[in-house]
> 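Structure below; questions to follow.
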There are 2 protein chains.
Amino acid sequence: MLDKEEYQLTIDASVLYYLEGKTQSQIAKELFLSRPKVSRLLKKARELQIVDISINYQNEDIERLQGEVRRKFNVPNVIVAKTLTDENETLREVGKAAAKELAMYLHDNMTLGISWGKNVRMTASYLKKHRYINMRIVELFGAISYDLNETDMLSIGRSISSKLNGKLYPLPSPIYINDPNARKAIIETPLIQNTLSKISDCDLILTGIGAIDSEALQTLWDSYVEADMKEQIIGNGGVGFILAHFFDKNGEFLDITVNECVIGIQTETIKTKKIFAIASGKEKARAIYASLRGGLINTLISDEETLKTVLKMTEK
Amino acid sequence: MLDKEEYQLTIDASVLYYLEGKTQSQIAKELFLSRPKVSRLLKKARELQIVDISINYQNEDIERLQGEVRRKFNVPNVIVAKTLTDENETLREVGKAAAKELAMYLHDNMTLGISWGKNVRMTASYLKKHRYINMRIVELFGAISYDLNETDMLSIGRSISSKLNGKLYPLPSPIYINDPNARKAIIETPLIQNTLSKISDCDLILTGIGAIDSEALQTLWDSYVEADMKEQIIGNGGVGFILAHFFDKNGEFLDITVNECVIGIQTETIKTKKIFAIASGKEKARAIYASLRGGLINTLISDEETLKTVLKMTEK
DNA sequence: ACACTTAGTGCACATATGTTCAAACATAGC
DNA sequence: GCTATGTTTGAACATATGTGCACTAAGTGT
């Protein structure tokens, strides 16, 4: 995509432009390029996130919001990113904030459990490289390649573990398996067994929160959940899901088959773990509200508008 | 300096410009301002670090350098910032990198020891606000207002403790007091005593490294060190200082009066503590080299060119 | 009340930046 | 070796941005 020389040139130009404040013409001369070329390099640098622009928008509104959510739901930690007009840009902001906050929790000799989804992926993409000692990354439920996308060809787990210098415990399996024999067979596979045994060691779990009828759920449904399960979830009042497990409007896990046949973490384990959740977008407000009520979340990263919507729900 | 409304306007403009990618004219319309006004707001936002632009310049050169320093001197952690043409800009970069790295080490229930100087101040200025529980900030040696400057009117200690929600233990005293009676009197002051007693609790110490003949030392000398001490330091082969204590080319603390009459941390204590040192600039290379040889440093934050110079010294 | 200073404004201009386009160059297929 | 196809280039143009300057309004001292 970008050869080594060009990559270095991109960095050099970015440093000269954004940090040293030179003009593109000056840079062009210095690096023996045409001025338009410099302009293009800088554009690429922004696209590839070689240049990262962030804004310190701590203000009273946001701090108040943060405090209110924290108090109302008794969540230990809440981070609020700015909501932008473009939904994808908001996702980016939330991901950036999440990556920054997550770094606070990371340390040597830890086991980090991870989930799938847009939010986790975006967070991973903004994580800074750091060589932790004895770090383990554990995939908490199955999913064969469903989250691979064109941009980065690595699974989220691979991308995180390479950034943090951690050992990855992958879970190459379908998410849900109903048939007892098939389940047994999969679970007893040494590779799978090895990963499953690491789940109880997780010091922190990184995950998104899903809403029923969301795009993410659509993917799940298309690929993994049979039609009758769908009805079961809705029929039992499911409003959202976390780590592949569905919960109702009070954040209580539903007592249904789907929740029982996940290859990976169990509902009981979820309740005992520190959950670092990234979730933004108004359509997720109900699911976020429920998971907060259920006390499932320890750290919540979201955006201003979404949290305002969540707070409004407490008023009714 | 900037009233609340203007401050909010500055943030709004920055978000629209840098995150949402709108043009200044569009923003002007949206916020009911003239275009030049928007341009000026954005300029102010950059100056006040409301907008922060950073560049991911991990490349092989820097990684190699980092590894070499780590191995050659057996320092656990080394972070290398980019050297820019302007010295102050380099200082900024180093400070940014230091703040980011420091955040990794901060946690609830900790005691952080701090020093004075340009580097620590710059690091403090880039620290992000975070409400740690039960955090203590301890000034490790005296200095009455010598480091106050025009830009921020807070002492470094105040600025750090307000950002991290920590309790500050200040040390309002001269750095050096030779006269035993005066020493005794100062040390027995309850306020001073209280701070001194917290020094041994420090989990981490944040400091710069000073070079003999440096500008920082000049300040020290002008204000606190008498002429004969100056000769004593040079006569005994002093090449640098850390936390107000002077050391020789091997990083061994000098056996001289100045080192004994500091109001604050003692040489023996320095050796047992985790030191997070921020030091850049070629003029400091010798001092950095010495402190690394003496094994005084646990984490070193510096810049590319300085560390290259330091490495060259090992060859001789 | 008056002159005098000061900080802030927007216009108009100078400068810097982004983008279109045609030509040059590279790459793959035959 | 040659055409077809796609990429990359910089000149020229269009747009966006920064700033000197003259002007205004608010504050200050006499």
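Only heavy atoms go into these numbers, but all of them, side chains included; no hydrogens, no water, no symmetry mates.
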> Below 4.5 Å, heavy atoms only, C-beta onward: do A:Q24 and A:Y17 meet side chain to side chain?
yes

> Please state how far atom CG in B:L42 lies from atom P in D:dT19, giving the value in whole angstrom units.
12 Å

> Please state how far atom CG in A:L41 lies from atom P in D:dG10, giving the value in whole angstrom units.
11 Å

> Just how far, in rounded Å, is C1' of C:dG10 from CG of B:L31?
16 Å

> I need the NZ-P distance between B:K37 and D:dT24, as an integer number of Å.
19 Å

> Are side-chain heavy atoms of A:I278 and A:L102 found at a separation under 4.5 Å?
no

> With a 6.0 Å cut-off (strictly less than), is the heavy-atom count around CD of A:E87, excluding the residue itself, greater than 12?
no

> Could you please name the option among D:dT17, C:dC11, D:dA12 that lies closest to any side-chain atom of A:R35?
D:dA12

> From the options D:dG10, C:dG10, D:dG18, select the nucleotide whose nearest atom is closest to the side chain of B:R40.
C:dG10

> Tell me: CD1 of B:I27 to P of D:dA16, nearest whole Å?
12 Å

> Without decimals, in angstroms, what is the distance between A:L33 CG and C:dT17 C1'?
16 Å

> Report the end-to-end axis angle of the helix from C:dA1-D:dT30 to C:dC30-D:dG1; each axis comes from five terminal pairs, and the value is rounded to 10°.
30°

> Figure out the NZ/C1' separation between A:K44 and D:dT7, and round it to whole Å.
10 Å

> Which whole-number value in Å describes the distance from A:Q24 CD to D:dG10 P?
14 Å

> Among the nucleotides C:dT17, D:dT19, C:dT19, which one has an atom lying closest to any side-chain atom of A:K43?
C:dT19

> Select one nucleotide: of C:dT9, D:dG18, C:dT19, the one nearest the side-chain heavy atoms of A:P36.
C:dT19

> So, is A:Y17 close to the C:dT17 phosphate, meaning a side-chain N or O under 4.0 Å from OP1 or OP2?
yes

> Give a yes or no answer on whether the side chain of A:T306 reaches the backbone of A:G281 with a donor-acceptor pair at less than 3.5 Å.
yes

> Going by atom types only, do A:E20 and B:T85 share a side-chain donor-acceptor pair under 3.5 Å?
yes

> If you draw a 6.0 Å radius around NZ in A:K128, do more than 12 non-hydrogen atoms from other residues or ligands fall strictly inside?
yes

> Let me know, please, whether B:S34 or A:T23 comes out on the 5' side of the other along DNA chain C by nearest nucleotide.
B:S34

> Any side-chain N or O of B:S39 under 4.0 Å from OP1/OP2 of D:dG18?
yes

> Counting heavy atoms not belonging to A:K100, are there more than 12 under 6.0 Å from its NZ?
no

